Amino acid sequence: MNRVKILDREFDLSIPEEKLLKAVDQVAERINKDLDGKNPLMICVLNGSFMFASDLMKRLTIACEISFVKLSSYSGTGSTGTVKEIIGLNQDIKDRTVVLLEDIVDTGLTIINTVEQVKQMGPADVRVATMLFKPDACKRDVKLDYVGMDIPNDFIVGYGLDYDGYGRNLKDIYTVVE
Ligand code: 5GP
């Protein structure tokens with residue numbers, strides 16, 4: 001499937017599954033090395049990062065836990081810029097090593113705000129693992145510890161990422177046709 005139609009837009013295949021999984025392999029390898037013995041708590045930021053979190057967890061060989069949180073600040077093809085609170089973190093993260101799992105860092109606003117909120121809960125260390133990063137869109141100074149791959153500043157769907165709720169189930173990533 002080289003082109004898909006989702007609602008009113010067309011998208012072209014841009015990153016096949018094999019390439020995505022190779023990137024996840026590399027992130028997992030680094031986390032396994034860096035965080036061995038640290039008993040990290042992986043925090044999956046829903047909805048978009050569920051597929052990345054699943055593939056990553058299967059590749060982690062160290063003792064670790066996972067928790068799921070939500071913060072919704074995006075709709076359609078433009079970031080609203082609104083900052084939302086973390087919902088659903090019931091676990092005590094005081095003095096723990098925490099790794100936030102993100103689908104994509106675009107402007108960087110979401111991850112900066114999320115890290116700030118998590119830091120206020122007193123963890124020993126907060127790290128960020130993002131599947132995708134748009135360096136040309138990100139004007140802020142963000143500290144990303146693990147990046148699956150850098151991508152151009154175009155709107156994408158698939159591998160957990162949606163267009164108005166659809167397309168999350170695509171195993172490959174597709175880029176909007178302008
Ligand atoms: P940021 O705050 O870094 O600008 O945006 C982060 C959030 O915007 C991501 O978690 C994701 O939900 C959404 N986002 C950013 N770029 C894209 C994109 O190309 N496609 C989709 N589907 N969502 C995106």
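Every value quoted in this text rests on a predicted model; they were computed, and no experiment measured them. Both counts, for ligands and for their atoms, begin at 1 and track the order of listing. Residue numbers count from 1 along this sequence.
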Original post:
Strictly under 4.0 Å, does any heavy atom of G108 approach an atom of ligand 1?
Top reply: yes

Subject >> Proximal ligand 1 atoms for L161, defined as those under 4.0 Å from one of its heavy atoms >> reply: 21 (C), 22 (N), 23 (N)

Original post:
Taking non-hydrogen atoms only, is V157 closer than 4.0 angstrom to ligand 1 via side chain, backbone, both or neither?
Top reply: neither

Original post:
Short N/O distance, under 3.5 Å, between V105 and ligand 1?
Top reply: no

Subject >> Transitive ILVMFWY side-chain link Y174 to L7, under 4.5 Å >> reply: yes

Subject >> Salt-bridge present (R127, D125; N to O < 4.0 Å) >> reply: yes

**OP:** Salt-bridge test for K58 and D55: reply yes if a basic N is under 4.0 Å from a carboxylate O, no otherwise.
**Re:** yes

**OP:** Identify, by atom number and element, the atoms of ligand 1 in contact range of D154, meaning under 4.0 Å from any of its heavy atoms.
**Re:** 19 (O)

Subject >> K143/D145 salt bridge by N-O under 4.0 Å criterion >> reply: yes

Original post:
E18 and K171: salt bridge (Lys or Arg N to Asp or Glu O under 4.0 Å), yes or no, with the steps?
Top reply: CA-CA 10 Å; E18 311 83 75; K171 63 185 175 58; 5.4 Å; no

Subject >> K134 (side chain) donor-acceptor with D154 (main chain) under 3.5 angstrom >> reply: yes

Original post:
Near T107, which atoms of ligand 1 are under 4.0 Å from a heavy atom of that residue?
Top reply: 1 (P), 2 (O), 3 (O), 4 (O)

**OP:** Return the orientation label for the F155 and Y163 ring planes: parallel under 30°, perpendicular over 60°, tilted otherwise.
**Re:** perpendicular

**OP:** Provide the number and element of each atom of ligand 1 under 4.0 Å from a heavy atom of E102.
**Re:** 10 (O)

**OP:** State the atoms of ligand 1, each with its element, that fall below the 4.0 Å cut-off from a heavy-atom position in D103.
**Re:** 9 (C), 10 (O), 11 (C), 12 (O)

**OP:** Would you mind running through ligand 1 and noting each atom that sits below 4.0 Å from a heavy atom of L109?
**Re:** 2 (O), 3 (O)

**OP:** Run down the list T175, V176, T110 and name the one with the heavy atom closest to atom 7 (C) of ligand 1.
**Re:** T110

Subject >> For D162, the ligand 1 atoms whose distance to one of its heavy atoms is below 4.0 Å >> reply: 21 (C), 22 (N)

**OP:** For the pair R3 and E10, find out whether any cationic side-chain nitrogen is under 4.0 Å from an anionic carboxylate oxygen.
**Re:** yes

**OP:** Output yes when the distance from some N or O of ligand 1 to some N or O of I156 is under 3.5 Å, and no in every other case.
**Re:** yes

